Number of protein chains: 2
Amino acid sequence: MKVLTKKTDYAIRALLMLGAKQGSYISAKSIAVEQDMPYQFLRGVLQEMIRHDLIISKEGVQGGFMLAKDPDEIRVRQLIEIFQGTVQVSECMFRKQICANRSRCVLRHEIMRIEEVVNNEFEKVTIGKLLRMLSAEGNMRPALKDGEAPDPQTRQTGIMN
Amino acid sequence: MKVLTKKTDYAIRALLMLGAKQGSYISAKSIAVEQDMPYQFLRGVLQEMIRHDLIISKEGVQGGFMLAKDPDEIRVRQLIEIFQGTVQVSECMFRKQICANRSRCVLRHEIMRIEEVVNNEFEKVTIGKLLRMLSAEGNMRPALKDGEAPDPQTRQTGIMN
DNA sequence: CCAAACTGATACTATCTTGATATCAATTAA
DNA sequence: TTAATTGATATCAAGATAGTATCAGTTTGG
Ligand code: FES
Ligand code: FES
């Protein structure tokens, strides 16, 4: 079971980059290069976030993207909703035979409670919170220079594979 | 985001049927018919559960499947693990640039905590618990007779669509 | 003004996961 | 002995996710 898909993953990381340089426009290309994401794919993700008013854009030379709101108001929960849809229990359980009364179904009840817990937790995690953690712990890394290979050390330690 | 896949869904429902008639062998066919599941697909699910010692089987005429343990010891969590694998946060986040130190990463920390909460909750839900709820609330329904159409009333009310 | 650096929009392809089917051998009860 | 059953496995279909390509429109700096 995968909690975060690539789109959500890329979205969060892109937002963190924008959050780290608030006030200036950052191009999709620079994000893609620095964070090693597929350019066109990332662009789609960014456009989706524009539609949801999380970021704004400027076209043309020197254009790019910028946060549209306070990082503390951008919640991972919303990102998950945007890119992965709301949590669904199962297409269904217990069709005909069982569960004559849906509202009283235990399993359904349990699962909806769990769903709520998960949502509440992701609600608490904001881009702002993540940004503060990153800067506080000095985890921010310099971008790769042109043609430079990613540090293999980093690949193994700092990263979830 | 889908919490339970078809396999887990079918597994739970099959186990409930077995649990409702403990001590006798129930054939895959009768489960498939009664619960309206694809026969061969269900068989795969049942075999997987045999491999994990949740049920036992008897071959040949009058053969079928039977619970291998107390319903209270069959946990939805284990079923999810069997059919959907353990919860994965994301294939990865924050590769090169960010998260030099994986163990200190906020997001990772948050997500793992959430994962634990979810697992704990599903751990509590057992087949036995579900069985008791079902019988207590009179939710058990008679099987469909040959060629009989599912009650449309039931389709709309008793069921999660 | 024009070329280059950008985003907007959208269509397409590839890959992976899930869901479903099909087949054949082995077993067992009547 | 035959029909009902499971064991094992191979294959296919459908859907979701991931990634690519293209072209039109906008902006800026020379
Ligand atoms: S599981 Fe759907 S109503 Fe009970
Ligand atoms: S998200 Fe992977 S280590 Fe932080």
Side-chain angles (χ1 to χ4, degrees), chain A residues 1-11 13-14 18 24-33 35-52 54-66 68 79-80 82-88 90-93, chain B residues 1-11 13-14 18 24-33 35-66 68 79-80 82-88 90-93 95:
Chain A
M1 187 197 269
K2 198 183 292 174
V3 177
L4 302 182
T5 63
K6 292 282 180 191
K7 281 189 179 177
T8 313
D9 174 333
Y10 295 162
R13 285 156 59 199
L18 299 186
S24 55
Y25 286 99
I26 316 284
S27 74
K29 190 176 180 186
S30 67
I31 298 175
V33 169
Q35 298 283 338
D36 190 31
M37 304 168 185
Y39 175 61
Q40 296 293 0
F41 193 62
L42 170 64
R43 296 225 296 137
V45 169
L46 291 167
Q47 288 193 29
E48 191 69 29
M49 290 200 282
I50 285 181
R51 281 178 219 119
H52 287 84
L54 296 177
I55 59 180
I56 56 173
S57 66
K58 195 178 96 173
E59 287 179 83
V61 179
Q62 306 276 23
F65 302 86
M66 195 188 286
L79 297 173
I80 292 178
I82 291 172
F83 295 108
Q84 309 181 38
T86 48
V87 176
Q88 284 194 315
S90 162
E91 202 148 303
C92 177
M93 296 213 74
Chain B
M1 185 197 269
K2 197 182 294 176
V3 177
L4 302 183
T5 62
K6 291 284 181 189
K7 281 189 179 177
T8 313
D9 174 333
Y10 295 161
R13 284 156 61 199
L18 299 186
S24 56
Y25 285 99
I26 317 284
S27 73
K29 190 175 180 188
S30 67
I31 298 175
V33 169
Q35 297 283 339
D36 189 30
M37 303 168 184
Y39 175 62
Q40 296 293 0
F41 193 62
L42 169 64
R43 295 224 297 137
V45 169
L46 290 168
Q47 287 193 30
E48 191 70 29
M49 290 199 283
I50 285 181
R51 279 178 221 120
H52 286 84
D53 299 313
L54 296 177
I55 59 180
I56 56 172
S57 65
K58 195 178 94 174
E59 287 179 84
V61 178
Q62 306 277 23
F65 303 86
M66 197 189 284
L79 297 172
I80 292 177
I82 291 172
F83 295 109
Q84 309 180 39
T86 48
V87 176
Q88 282 194 314
S90 162
E91 201 149 302
C92 176
M93 295 213 75
R95 272 142 276 246

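Below, read A as the first sequence line, B as the second, and so on, with proteins coming before strands; counting in each chain starts at 1. Keep in mind that this is a model prediction, so the values were computed, not measured.
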Verdict with reasoning, B/Y25 to B/I56, per side chain to side chain contact (heavy atoms under 4.5 Å, CB included)
CA-CA 9 Å; B/Y25 285 99; B/I56 56 172; 3.9 Å; yes
Sorted by number, residues from residues 52-62 of chain B placing a heavy atom under 4.0 Å from DNA chain D are B/S57, B/K58, B/E59, B/G60, B/V61
List, with names and distances, any nitrogen or oxygen atoms from the protein found under 3.5 Å away from nitrogen or oxygen atoms belonging to nucleotides 14-21 of chain D.
from   : atom 1 : to    : atom 2 : distance (Å)
D/dA18 : OP1    : A/K6  : N      : 3.1
D/dA18 : OP2    : A/K6  : N      : 3.2
D/dG19 : OP2    : A/Y10 : OH     : 3.2

Whole-Å gap separating [atom2] ([N]) and [atom1] ([X]):
{"X": "A/F65", "N": "C/dA5", "atom1": "CZ", "atom2": "P", "answer": "17 Å"}
{"X": "B/M49", "N": "D/dG7", "atom1": "CE", "atom2": "P", "answer": "12 Å"}
{"X": "A/I26", "N": "C/dT7", "atom1": "CD1", "atom2": "C1'", "answer": "15 Å"}
{"X": "B/I50", "N": "D/dT5", "atom1": "CD1", "atom2": "P", "answer": "15 Å"}
{"X": "B/Q47", "N": "D/dT9", "atom1": "CD", "atom2": "P", "answer": "9 Å"}
{"X": "A/K29", "N": "D/dT27", "atom1": "NZ", "atom2": "C1'", "answer": "17 Å"}

Return the set of residues passing side-chain contact (heavy atoms from CB on, under 4.5 Å) with B/E59 (not counting sequence neighbours), or none when no residue passes.
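B/E59: no side-chain contact (heavy atoms from CB on, under 4.5 Å) contacts found.
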Specify the closest pair of heavy atoms between [X] and [Y], including all atoms of both residues, with the distance to one decimal.
{"X": "B/I55", "Y": "B/L46", "result": "CD1-O, 3.4 Å"}
{"X": "B/M37", "Y": "B/A14", "result": "CE-N, 4.2 Å"}
{"X": "A/Q84", "Y": "A/T5", "result": "NE2-N, 3.2 Å"}
{"X": "B/A68", "Y": "B/D53", "result": "CB-O, 3.5 Å"}

B/G44 or B/S27: which one's nearest nucleotide on DNA chain D is closer to the 5' end?
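This one resolves to B/S27.
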Base, sugar-phosphate alone, or nothing: which one does B/L46 contact when heavy atoms must sit under 4.0 Å apart?
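Nothing: the residue B/L46, judged by heavy atoms under 4.0 Å, touches no strand.
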Select base, sugar-phosphate, or nothing to describe what B/G64 touches, counting heavy atoms under 4.0 Å on all strands.
sugar-phosphate
With a 4.5 Å heavy-atom cut-off, do A/I31 and A/L18 have their side chains touching?
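Side chain of A/I31 against side chain of A/L18, heavy atoms only: contact under 4.5 Å found.
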When rounded to the nearest 0.5 angstrom, what distance separates OH in A/Y39 from OG in A/S30?
10.0 Å
Positive for salt bridge (charged side-chain N to carboxylate O under 4.0 Å, His left out) with B/D9, one of B/R13, B/K7, B/K6:
B/R13
